[in-house]
Amino acid sequence: MQAAVAKTPAKAPPAARKVTFRILRGTLVGDQLTQKNQDFEVPYDDSTTVLGALEWVKGELDGSLTFRRSCRASICGSCGMYINGRSRLACKTKVKDLIYGNEAKNIAAGGEVVVISPQLNQPVLKDLVVDIHPFYEKVEVLKPYVQDGPEKEAHVTKDSFSQVNMVSNCIMCGNCYSDCTAMVENPSFLGPAALAKAYRFVADPREGDKTDRLKALSEDNGVWDCTRCGMCIDACPKGVAPMEAIVKLRALAIEAGNTHVKGAKKSMGLKGEIATWGVVNEPLMMLNALGPIGVLGQLGNALNLMKKGKVPSPLPFEHRPEGLAEVKAIYKELEENPLDVRTRAEDSGPGAG
Amino acid sequence: MAQHDILIVGAGLAGLRAAFEGVTAGLDTAVVSKIHPLRSHSCAAQGGVNAAINPKDDWHDHAYDTVKGADYVGDQDSIDMMCAEAPQAVLDLDAMGCPFSREEDGTISQRAFGGQNFPRTAYAADRTGHAMLHTLWEQAIKYGVKIYDEYYLMKLTTDKDRASGAIVMDIKDGKLHQINAKAVCVATGGYGRLFASNTNAMTNTGDGIAHAMRAGAPAADLEFVQFHPTGLKSSGILISEGVRGEGAYLVDKNGQRFMQKYAPNKLELASRDVVSRSMTLEIMAGNGVDGAVFLDVRHLGRELILERLPQIRQLAIDFEGVDPIDEPIPVRPTCHYTMGGIRVNKLGQSIGLKGLFAAGEAACVSVHGANRLGANSLLETIVFGKITGKDMVDFVKNREGKERPASSPEDLAQVSRQIAEIKARPVNEGVKQAVIRKELTEALQVDCSVFRDAQRLDRAWKAIEKAKAHYARIVVDDKSDAFNTDVITALELGNLILLGEATVKAAIERTESRGAHARDDFPKRDDANWITHITSVVDPQSGEVVLGRDAVRTVDNPAYAPQERKY
């Protein structure tokens, strides 16, 4: 049977080549962080992952190179780092893809130098290791557990966890937190992972206190502090799409009467603006309606970047909207098929390269 | 010096489940973990957790399947306890908020797993361990378990004949801390990294088992190492048995199924040891491709694959470059699980050191005997995490544990000297750890894996001796204090070498074939001589591993009498 034999990728580069890893090393003395790039020549073949290459460097060239890692199968979330301009899991990212690009994984061809630095938005402890405690503290403050209470539904069905499952794919790798643009503006923002976790509880029929959660999430640093840039969707290696969860939380928060907060008022007032100008995407409807989440994330991102006049686009592939006509079409689609925040969620998809 | 009532080392499912019992009983409970709890390897468990929840099922059948799967060296009292407690243990997790997959009527869904006569494996899609781990971590946050995350276990300390706590290193700054506790539980997982091809996380180095053996608490069953039939060919990354539970075929290079030759009734869902041996024989007979055979799910259809096996599909795409919807996945037997561990009774108490407990893969309670059934490992963590946690509470509140043991400053000094010695060795005068690790793990992969014999085991033993000699001269590049992973991995390697020594010694000793221990020179099971556990402990004088025996615990149940094992 021919099909039983694994076929080789069509455009595979020749085996046993070398690539330069440019790694931002860092040492912390007291509060003083000193950072410096260091280059390593690394052999690779089609199967070499960034983590495999880093392990090779540590084993063969320099045992002092420091990074976290554990499962090497993109499930433990240890090895998030900033690789060629985006936060990625080292274990899931193939060296070959970084050099030659991989459209299916949304990775741009970066050439013969792989540039690696620690995740953003977090204090660096050493080399590629950041202090993960601020990230976790923002999860812990959200009461991250199912609570008893009057809103608890005793009966669950086959589809009860459809919404829960999508966000509970999260492995807390911090890549979304690292690439979050809202975090740059407001370091107290809870961030995409914590809010996705919050949605996991709001969406769980067994949760007994949804109303209080939605109220708390409507306060400062909560769901309305997200800028909807879509970077978290691009960064997530597990397809969680945190921004989509944030948008759903906004919808549920408004529905629960949390309309006094600034973000909610603004959001409700913007509805006309989008349809007219196409410059502000109404998140309540923007997302989820157009099929593939990734495309939408890219779209929201592109809109925002254009709005801010940020060029060149950090996106490896162009997914910019054609223009106003397309935004209007999206809007129409959303009107016809409103956001489903209660029942079935799209499969979370493959996640970033 | 920090003091707690209960100290648990390891923050995976077993450790966190035990911590839940400690903290909810009002005791000061601390957990030490070398990685953040959510990074623990429990998160990688895919397929599910066994429990006779369905009214048509019976826990006695689950126990029978487990006794048989264990090839009759599992401890029957532990097995009965685990299977009887299983439904409640799963329902506990469900009540805590774990999103187990459901049927239309809301009951917990269950799928078929290998070596069992009923579909009794509950699951949360194909990321069951991940869902359970997050749930137990949530409970640890809720109830305020003190978590020392990114602290590394350097030594389990003793006060005369009793466990007294641990010396740990804060990885972030390299500082050593002494923790004193009335009861200590080791839940650090297994040591699958001893083998070059494995499904394990890089952190699965058996630290807690090795330190317990040094502290005088014997380990047992170390010769029984499970090779999972379906590791991805190139990386060893796990493809769950749940895939075969959903109906996948194992096929050779010609697309032909072959399991009917080896297990005519259960076929692909025979016990793991049986399937791994069958695959290895097929590969050795030239019926594989490039050292692998194939796992074929194409006939299950795109929809089922996307709904029930999404993560599996993604792993195959990401790490093997194969989309299982279109192509069979190349797989080969890969080290997955270590049945052995710290020898404990059914309450999790060490047989050799008072106040020391163990649970999960780090323990040998022994519900798995010579071969673990799929989805019994998650079950073991939540049942024995719970039972051991409860017994620790009782030990501290009502028994000898009421009195606090003493900690000795000499332990701290000794550990400090050990680290200084490794760092002081000039780099050009020693052996790099990558060299030692590679030689050791490759030797064990070749000579102490699916099939063994005296000649291979002798070669494996020589590799152990060489590794020990090299390790005495190990060097590290990183001489700093903060986040020194160079030193940590060197210390982990020391633990692996000790476990390798015990594994090979026990494998040489056991002159029969049973479960995962298959010897070509002793192909028959020898019930007259070998229904017993081989124990291993470190002799404090020589530092060498010394073997002993510990009886298999039986219950008076004629159904558990050894029979020929057919699937």
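All chains are named by letter (A, B, ...) in the order of the sequence lines, taking the proteins before the strands, and each is independently numbered beginning at 1.
Atoms OG and CD1, from Ser70(A) and Ile35(B) in turn, are 4.0 Å apart once rounded to the nearest 0.5 Å. Note that CZ of Phe201(A) is 3.5 Å distant from CD of Glu138(B), once rounded to the nearest 0.5 Å. With rounding to the nearest 0.5 Å, the separation of CD1 in Ile171(A) from NE2 in His134(B) is 8.0 Å. Rounded to the nearest 0.5 angstrom, Gln314(B) CD and Ser74(A) OG are separated by 8.0 Å.
Under the salt bridge (Lys or Arg N to Asp or Glu O under 4.0 Å) rule, Asp318(B) has a single partner from Lys238(A), Lys92(A), Lys94(A), which is Lys92(A).
A side-chain N or O of Ser480(B) and one of Lys126(A) form a donor-acceptor pair less than 3.5 Å apart. At a cut-off of 3.5 Å, with distance as the only test, no side-chain donor of Lys58(A) or Thr489(B) sits close to an acceptor on the other residue.
Under the 3.5 Å distance criterion, the side-chain polar atoms of Arg72(A) are matched with a main-chain donor or acceptor of Asn200(B).
The aromatic rings of Trp137(B) and Tyr136(A) sit perpendicular to each other, their planes meeting at more than 60°, with 30° as the lower class boundary.
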Next on the checklist: Could you go through Ile141(B) and Lys143(A), starting from their C-alpha distance and side-chain angles, then the distance that decides it, and tell me whether this counts as side-chain contact (heavy atoms from CB on, under 4.5 Å)?
Outcome noted: CA-CA 8 Å; Ile141(B) 299 302; Lys143(A) 299 186 186 165; over 6 Å; no
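Residues satisfying the salt bridge (Lys or Arg N to Asp or Glu O under 4.0 Å) criterion with Glu439(B), sequence neighbours excluded, are Lys466(B).
The most heavy-atom pairs under 4.5 Å with chain A, out of His41(B), Lys432(B), Met96(B), come from Lys432(B).
Residues Pro144(A) and Lys142(B) have side chains not in contact (no heavy-atom distance under 4.5 Å, counting atoms from C-beta outward).
Applying the salt bridge (charged side-chain N to carboxylate O under 4.0 Å, His left out) test to residues at least two apart or on different chains, the pairs with a partner in residues 95-106 of chain B are Asp94(B)-Arg102(B).
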